[in-house]
Amino acid sequence: MLAIKLNLKKAFLIFCFAAYFLSLSSLLRAEEVVLSQSLVEAPGKELVVGNCTVCHSESIILQNHMDRRGWDETIDWMQKEQGMWELEKKDRNIILNYLSKYQNVVSGKGAKQNSKRRNQMFEFDYKPNPL
């Protein structure tokens, strides 16, 4: 009888460890997906990350697609309404070049773009980056 109780305890422990490792592996796979959805590695990315992700995550940048003028207006709005600091002219230009090239307006088949709104960012209250 004692041997059966020990075997049940061992089986239970094995089951717990297996469940733990399976959940851990699924979390790691989910993290890989999140990591694969990041900003394009290109000149200007460091300035974008260094100035933008202080207040919000990269995902907010990735969700928005605007032309250069739209991104410029968004920076103005963030400075005026959200307390963003003043950018040096050179840095602002690099950031705008990057965003207008890699996060430009989506067009073509399947594009979810409302032509009445060039800049959707003004209409939402984004939560700040918790980090």
Does [X] reach the side chain of [Y], with side-chain heavy atoms less than 4.5 Å apart?
{"X": "N104", "Y": "R68", "answer": "no"}
{"X": "I61", "Y": "Q103", "answer": "yes"}
{"X": "D76", "Y": "K80", "answer": "no"}
{"X": "W85", "Y": "Q79", "answer": "no"}
{"X": "H56", "Y": "M78", "answer": "yes"}

Report the distance from atom [atom1] of [X] to atom [atom2] of [Y], rounding to the nearest 0.5 Å.
{"X": "K45", "Y": "S38", "atom1": "NZ", "atom2": "OG", "answer": "4.5 Å"}
{"X": "M84", "Y": "C55", "atom1": "CE", "atom2": "SG", "answer": "7.5 Å"}
{"X": "D67", "Y": "L99", "atom1": "CG", "atom2": "CG", "answer": "11.5 Å"}
{"X": "L62", "Y": "Y102", "atom1": "CG", "atom2": "OH", "answer": "14.0 Å"}

Are the side chain of W71 and the backbone N or O of M66 linked by a donor-acceptor pair below 3.5 Å? yes
Counting distance only, does the side-chain N/O of Y98 pair as donor-acceptor with the main-chain N or O of V40 below 3.5 Å?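 Checking the backbone N and O of V40 against the side chain of Y98, a donor-acceptor pair under 3.5 Å is found.
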If I compare all heavy atoms of V49 with all of E58, which pair ends up nearest, and what's the gap?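 Between these two residues, the closest heavy atoms are CG2-OE2, 3.8 Å.
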What I want to find out is whether E88 reaches R92 closely enough, with some N-O distance under 4.0 Å, to be called a salt bridge. no
Does E46 CD have over 12 foreign heavy atoms under 6.0 Å away?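 Counting neighbours around CD of E46, 12 or fewer heavy atoms of other residues, nucleotides or ligands fall under 6.0 Å, so no.
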Member of I75, I95, I94 meeting the side-chain contact (heavy atoms from CB on, under 4.5 Å) criterion with N51: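 Passing option: I95.
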